[in-house]
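Worksheet: one structure, shown below.
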Amino acid sequence: MSSTQDWHLPTRRPRRLRRSDAIRRLVRETRLTPDRLVLPQFIVDGRRRCEPIDAMPGRNRLSIDLTIEECARAMELGVRSFAIFPAIDGSLKTPEATEALNPENLDCRAAAAIKEAFPESCVITDVALDPFSSLGHDGLISDSGVILNDETVEVLAKMAVVHAGAGADMVAPSDMMDGRVGAIRSALDEAGHTETAILSYTAKYASAFYGPFREALDSAPVDAPNVPKDKKTYQMDPANAREASIEALLDEDEGADIMMVKPALPYLDVIARLRAETALPIAAYNVSGEYAMIKAAAQRGWLDERQCMTEVLTAIARAGADIIFTYAALDYARWWREEVGRALPDV
Ligand code: PBG
């Protein structure tokens with residue numbers, strides 16, 4: 001047993017800087033402002049259409065007119081970047097995903113409408129075939145059930161040019177085919193879209209957390225002969241981190257402007273790794289399942305939504321993400337506004 005004589009009063013006391021809210025704010029290392037958030041939007045055809053997404057409470061599939069109204073609310077709150085995902089009518093889906101290249105498709109009309117209403121916004125389009133594919137994969141599939149890399153990349157490059165033509169500020173290849181960033185860069189430049197940026201889904205994992213998103217777009221791989229049941233031959237194995245460095249080297253070399261890690265919370269180590277390895281901005285996608293977990297627990301009264309969502313988003317920023325894609329962007333921006341108000345002394 002040690003006696004009290006052996007007890008030395010500590011001279012180093014980290015708690016000194018935790019004593020008051022004022023001091024904690026002085027030494028706070030991470031501040032996540034709403035201008036670092038991207039709001040993903042699910043778009044449907046039609047007018048005044050608002051379809052709630054069951055597994056994503058608070059999020060809806062919206063027609064373009066209602067999307068514009070939501071963008072207006074976001075802009076007002078300081079969230080000015082939007083990632084758009086079209087929920088394509090089943091009748092327009094084919095195995096070759098041909099609708100993806102139609103310059104008048106839902107995706108392009110939405111991008112153009114948002115840019116027209118808010119020229120100062122940043123519109124990011126998704127480059128992958130799944131919303132348009134009747135088979136539910138990001139790439140083309142051979143008769144024997146192989147996801148065809150190079151054939152898919154050709155289509156993706158054309159798709160990116162179509163999006164740039166519609167006014168997208170950034171195109172975001174989310175497909176994980178090899179060589180697509182380089183092919184997209186050349187195609188964009190050849191078409192004169194030298195200013196269109198590429199936000200690459202650099203380390204996108206074969207994650208089960210995409211479930212609610214696939215429900216929202218009805219885009220899950222279909223159950224049919226010679227159609228792979230999952231996306232594991234192109235999305236990364238959740239067990240791998242070094243492999244993310246290889247993807248990052250390739251993407252940077254091929255001309256990516258921003259590199260993204262997805263999902264976010266289970267992959268904070270990967271975010272930190274890429275942050276340390278590149279000078280490019282790093283984005284992270286706090287995906288549908290991550291959002292649904294907090295929402296579901298909060299609905300049951302098991303978690304405090306505001307505190308947990310804030311903690312998660314702050315942690316993603318702390319790990320090294322400059323940009324965060326989150327379905328909670330509007331909520332967070334409202335909380336931020338309140339928080340800033342609270343920090344100001346009464347005058
Ligand atoms: C598909 C795509 C997915 C997401 C974004 N783009 C799903 C998938 O790869 O199956 C998921 C986003 C989310 O879950 O929030 N190209």
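One-based numbering, in listed order, for ligands and for the atoms of each. What you see below is based on every heavy atom in this structure, not just the backbone, and it leaves out hydrogens, waters and symmetry mates.
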Looking at atom 8 (C) of ligand 1, what's its closest protein heavy atom, distance included?
K231 NZ, 3.3 Å
Rounded to the nearest 0.5 Å, what's the gap from CG on L129 to CG on L156? Could you check?
5.0 Å
Whether R49 side chain and V44 backbone form a donor-acceptor pair below 3.5 Å:
no
Considering the heavy atoms of D126, write down every atom of ligand 1 situated less than 4.0 Å from one of them.
6 (N), 16 (N)
Taking the non-hydrogen atoms of Y327, is any one of them nearer than 4.0 angstrom to ligand 1?
yes
Is ligand 1 under 4.0 Å from a heavy atom in the side chain of A128, in the backbone, in both, or in neither?
side chain
Salt bridge K115-D169, side-chain N to carboxylate O under 4.0 Å:
yes
Hey, is V287 touching ligand 1 through its side chain, its backbone, both or neither, going by heavy atoms under 4.0 Å?
both
For ligand 1, is there an atom lying under 4.0 Å from some heavy atom of Y285?
yes
Can you tell me the protein heavy atom closest to atom 12 (C) of ligand 1 and the distance?
F213 CD1, 3.3 Å
Strictly under 4.0 Å, does any heavy atom of D175 approach an atom of ligand 1?
no
Quick test: of every protein heavy atom, which one is nearest to atom 14 (O) of ligand 1, and how far off is it to 0.1 Å?
S288 OG, 2.7 Å
Quick one: does K204 get a heavy atom under 4.0 Å from ligand 1?
yes
Does the distance from a Lys or Arg side-chain N to an Asp or Glu carboxylate O, for K93 and E99, drop under 4.0 Å?
no
Output the list of atoms in ligand 1 that are nearer than 4.0 Å to some heavy atom of D130, sorted by atom number.
1 (C), 2 (C), 16 (N)
Number the atoms of ligand 1 from 1 as they appear, then name those within less than 4.0 Å of a heavy atom of K262, with their elements.
2 (C), 3 (C), 4 (C), 5 (C), 6 (N), 11 (C), 12 (C)
Using a strict 4.0 Å cut-off to heavy atoms of S174, name the atoms of ligand 1 that fall inside it.
1 (C), 6 (N), 16 (N)
Close aromatic pair by centroid cut-off 6.0 Å: F213 and F85
yes
